[in-house]
A.B. asks: 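Structure incoming, see below.
Numbers here are sequence positions counted from 1.
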Amino acid sequence: QVQLVESGGGLVQPGGSLRLSCAASGSIFRIYTMGWYRRTPGKERELVAVRNIGGTRNYSDSVKGRFTISRDNTNNTVYLQMNNLNAEDTAVYYCKADYQVTKMSGLLISWGQGTQVTVSS
């Protein structure tokens with residue numbers, strides 16, 4: 001099982017920036033996709049940004065142009081740089097990884113515990 005540890009959440013004023021980090025550890029052969037999702041009260045968890053092992057990035061329309069996902073494949077870490085934050089970005093942000101533990105094993109999924117991002121003046 002892979003453990004994902006997130007950090008970087010907190011309170012920020014509208015227009016401000018935060019950088020989230022997520023480090024994966026454990027039995028890992030290869031991580032294919034790492035990304036960020038978020039959940040607000042009363043809503044389903046939604047995709048924010050993902051990056052696959054080949055470098056392809058996908059963003060939700062609501063964060064395009066403001067958020068940037070990057071990944072350090074060597075250290076199995078994914079980052080989310082969030083700029084020009086607004087109140088609608090307030091949520092718990094979760095890291096997700098799709099991975100294999102061996103070359104022949106199936107694809108597994110792991111989620112982080114979540115980190116709170118609050119945008120408020």
A.B. asks: Looking at every heavy atom in both Arg57 and Ile69, which two are closest together, and how far apart are they?
C.D. replies: NE-O, 2.9 Å
A.B. asks: For Gly9, does its backbone N or O pair with a side-chain atom of Gln116 as donor and acceptor, under 3.5 Å?
C.D. replies: no
A.B. asks: Is the closest side-chain heavy-atom distance between Phe67 and Ser60 below 4.5 Å?
C.D. replies: no
A.B. asks: Quick one: are Thr77 and Met34 in side-chain contact, heavy atoms under 4.5 Å?
C.D. replies: no
A.B. asks: Any chance you could measure Leu107, atom CG, to Thr33, atom OG1, to the nearest 0.5 Å?
C.D. replies: 7.5 Å
A.B. asks: Looking at every non-hydrogen atom in both residues, tell me the closest pair between Pro14 and Ser120 and how far apart they are.
C.D. replies: CD-C, 3.6 Å
A.B. asks: Please report the shortest heavy-atom distance between Gly8 and Leu18, naming the atom on each side.
C.D. replies: O-CD2, 3.8 Å
A.B. asks: Ser110 side chain to Val2 main-chain N or O, any donor-acceptor pair under 3.5 Å?
C.D. replies: yes
A.B. asks: So, taking the atom named CG in Leu4 and the one named CG in Asn76, what distance separates them when rounded to the nearest 0.5 Å?
C.D. replies: 9.5 Å
A.B. asks: Do Trp36 and Val12 sit in one hydrophobic cluster, given that two such residues count as connected whenever their side-chain heavy atoms are within less than 4.5 Å of each other, even indirectly?
C.D. replies: yes
A.B. asks: Provide the closest heavy-atom pair for Arg38 versus Asp89 in the form atom of the first, atom of the second, distance.
C.D. replies: NH1-OD1, 3.0 Å
A.B. asks: Is there a path of hydrophobic side-chain contacts, each under 4.5 Å between heavy atoms of I, L, V, M, F, W or Y residues, that connects Ile109 with Val48?
C.D. replies: no
A.B. asks: Test side-chain contact (heavy atoms from CB on, under 4.5 Å) on Tyr93 and Glu6 and set out the steps.
C.D. replies: CA-CA 9 Å; Tyr93 285 71; Glu6 300 131 332; over 6 Å; no
A.B. asks: Under 4.5 Å between side-chain heavy atoms, counting indirect links through other Ile/Leu/Val/Met/Phe/Trp/Tyr residues: same cluster for Val92 and Val50 or not?
C.D. replies: yes
A.B. asks: Quick one: does Thr90's side chain have a donor or acceptor within less than 3.5 Å of a partner on Val119's backbone?
C.D. replies: yes
A.B. asks: Determine whether a donor-acceptor pair (N or O, by modelled atom type, separation under 3.5 Å) exists between the side chain of Gln3 and the backbone of Gln1.
C.D. replies: yes
A.B. asks: Restricting to non-hydrogen atoms, name the atom on Ile31 and the atom on Ala97 that form the minimum distance, rounded to 0.1 Å.
C.D. replies: CG2-CB, 4.2 Å
A.B. asks: Hydrophobic clusters here meaning ILVMFWY residues chained together by side-chain heavy-atom distances under 4.5 Å, can you tell me if Val101 and Met104 are in one?
C.D. replies: no
A.B. asks: Taking the side chain as everything from C-beta on, heavy atoms only, tell me whether Thr68 gets closer than 4.5 Å to Tyr59.
C.D. replies: yes
A.B. asks: Kindly work out whether a path of hydrophobic side-chain contacts (I/L/V/M/F/W/Y, heavy atoms less than 4.5 Å apart) joins Tyr94 to Leu80.
C.D. replies: no
A.B. asks: Is there a side-chain contact between Ser62 and Glu88 in this structure, where contact means two heavy atoms from C-beta onward sitting under 4.5 Å apart?
C.D. replies: no
A.B. asks: Closest heavy-atom contact between Asn52 and Arg71?
C.D. replies: C-NH1, 3.5 Å
A.B. asks: Quick check for you: to the nearest 0.5 Å, what is the distance between Thr102 atom OG1 and Arg30 atom CZ?
C.D. replies: 11.0 Å
A.B. asks: If a pair satisfies side chain to side chain donor-acceptor pair (under 3.5 Å) and one of its residues is in residues 16-27, list it, with sequence neighbours excluded.
C.D. replies: Ser17-Asn83
A.B. asks: Tell me which pairs pass ring pair (Phe, Tyr, Trp, His ring centres under 6.0 Å) where either residue lies in residues 99-121, with sequence neighbours left out.
C.D. replies: Tyr37-Trp111
A.B. asks: A side-chain contact here means heavy atoms from C-beta on lying under 4.5 Å apart; do Met82 and Leu20 qualify?
C.D. replies: yes
A.B. asks: Is any side-chain heavy atom of Asn73 closer than 4.5 Å to one of Arg51?
C.D. replies: yes
